[in-house]
Amino acid sequence: MPELPEVETVRRGLLPVLEGHHIVSAKTRRGNLRIPFPPRFAERLKGRTVQHLRRRAKYLVADLDSGESLIVHLGMSGRMTIYRKGKVFMPGEFEQDTIAAEEGHGLHDHVIFETDAPARIVFTDHRRFGLMTLLKTDELDADKLFKDIGPEPLGNAFSEPVLSAALKGKKTSIKAALLDQRVVAGLGNIYVCEALFRAHISPKRKASTIAGKRAEVLVPAIKRVLGDAIEAGGSTLRDYAKTDGSLGYFQHRFSVYDREGEPCPAKGCKGTIKRLVQAGRSTFFCPACQK
DNA sequence: ACCAGCTCCTGCTTGC
DNA sequence: TGCAAGCAGGAGCTGG
């Protein structure tokens, strides 16, 4: 799935067709994703204005003028695709006046929104690990989906003392700890590997030993890798695409992820990237320069 | 309370 | 070429 940079890229792609716009209609094409849709889901969205489209951890949050918020999680394979009327193509191509009727009716196209942008927004998720629900906007923070989520890594609230405190006494590996959304929000397998590489910290190191000096290195490493990835439009491996169907390209800048057997890219390091399995997930790292 | 392991689902890649 | 096993970016739940 989309990790924080991919969700943020999707949010930015959706802004022009969602924020400040009316939802003309919403349609679900099955009864559930990872969880069932809430009662009267489509009716509660119809005619509403999206006042703000924001992101919390890996969730997209669309605040509506009804006092409710539409919550979207892309899971492992969720995408949002925008089809727009009057899209201008490159010279030599035609200008599209209508959205093809079949857009949004693929096997795994589960939710279709029409907005007055005008645009059709299609949520596609072949693995259905994603979710979509509606919550009262002023009760979001107390909801079980959000109440235990840690600080946003790109905000000022994520700092060396905060990370140190969150890791204090943790016996698990730093790799597993950073995947825990209660410690810090929005990191997934790829960016944890990349951040630990940049910080020269071994993924096998016990989490509690990071507090202090190592956390001073790790916090900026996390911020930089996420910032760089957002700037690159996210990473595309298998299932992620931007809202216009194009691909992110940060994957070409991975230092260790999915690079088992390749030479370590760190300056002066003669190590080789290794793969190991932690908590059932692949970890990629350089044993020579990550200690 | 914490932590490792399992599970949901489908599709792509890999290896025999 | 065909087929089955293995693997995938998340995260909630179970049981030790």
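By convention in this document, chain letters (A, B, ...) are assigned in the order of the sequence lines, proteins followed by strands, and residues within each chain are numbered from 1. The figures that follow rest on heavy atoms only: side chains count, while hydrogens, waters and symmetry mates do not.
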- Message: For A:F250, is there any backbone N or O sitting under 3.5 Å from a side-chain donor or acceptor partner on A:S235?
- Response: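 Here the side-chain-to-backbone pair does not exist.
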
Strictly below 4.0 Å, N to O, side chains only: are [X] and [Y] in salt-bridge contact?
X	Y	answer
A:K58	A:E3	no
A:D228	A:R198	yes
A:R54	A:D63	yes
A:R11	A:E8	yes

- Identify, with sequence neighbours excluded, every residue that meets side chain to side chain contact (heavy atoms under 4.5 Å, CB included) alongside A:P118.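 Checked A:P118 against side chain to side chain contact (heavy atoms under 4.5 Å, CB included); matches are A:K85.
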
- Query: What residues form a side chain to side chain contact (heavy atoms under 4.5 Å, CB included) with A:T243, not counting sequence neighbours?
  - Reply: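 Applying side chain to side chain contact (heavy atoms under 4.5 Å, CB included) to A:T243 gives A:V10, A:L14, A:M80, A:I82.
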
Specify the separation, in whole Å, of atom [atom1] of [X] and atom [atom2] of [N].
X	N	atom1	atom2	value
A:D258	C:dG6	CG	P	19 Å
A:R127	C:dG10	CZ	C1'	9 Å
A:F129	B:dT7	CZ	P	12 Å
A:Q251	C:dA8	CD	P	17 Å
A:D148	C:dG10	CG	P	18 Å

- For A:Y257, which contact category applies under a 4.0 Å heavy-atom criterion: base, sugar-phosphate, or nothing?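 Sugar-phosphate, no base atom in range.
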
- Check every strand shown and say whether A:G188 touches a base, only sugar-phosphate, or nothing at a heavy-atom separation below 4.0 Å.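 Sugar-phosphate contact only.
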
- Task: May I ask you to evaluate whether A:K58 reaches the phosphate of C:dG10, defined as a side-chain N or O under 4.0 Å from OP1 or OP2?
- Result: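 True: A:K58 side-chain N/O within range (under 4.0 Å) of C:dG10 OP1/OP2.
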
- Task: Using only side-chain N and O atoms of A:R281, determine if any of them is under 4.0 Å from OP1 or OP2 of B:dG5.
- Result: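 No, A:R281 has no side-chain N/O under 4.0 Å of OP1/OP2 on B:dG5.
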
- Task: Whenever both distances are under 3.5 Å in a Watson-Crick or G-U wobble pair, mark it; put DNA chain C into dot-bracket that way, with [ ] for crossing pairs and | when the partner is on another strand.
- Result: .|||||||.|||||||

- Query: Looking only at atom P, what distance separates B:dC9 and C:dC3, rounded to whole Å?
  - Reply: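 Nearest-Å result for B:dC9 against C:dC3 at atom P: 25 Å.
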
- Which whole number of Å gives the distance between the P atom of B:dG5 and that of C:dC7?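 Their P atoms lie roughly 15 Å apart.
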
Report the nucleotide, chosen from [options], that has the shortest atom-to-atom distance to any side-chain atom of [X].
X	options	answer
A:S282	B:dC3, C:dG10, C:dC7	C:dC7
A:L107	C:dG10, B:dG11, B:dC3	B:dG11
A:R275	B:dC3, C:dC7, C:dG10	C:dC7
A:R128	C:dC7, B:dG11, B:dC9	B:dC9
A:T172	B:dT10, B:dC3, C:dA11	B:dC3
A:H108	B:dC3, C:dG10, B:dG11	B:dG11
A:R34	C:dG10, C:dA8, B:dC3	C:dG10

- Task: Can you label the angle between the A:F197 ring and the A:H200 ring as parallel, tilted or perpendicular, going by 30° and 60°?
- Result: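 Rings of A:F197 and A:H200: tilted, 30 to 60°.
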
- With DNA chain C as reference, determine whether A:H126 or A:Q181 sits nearer its 5' end, using the nearest nucleotide of each.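 Nearest nucleotide further toward 5': that of A:H126.
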
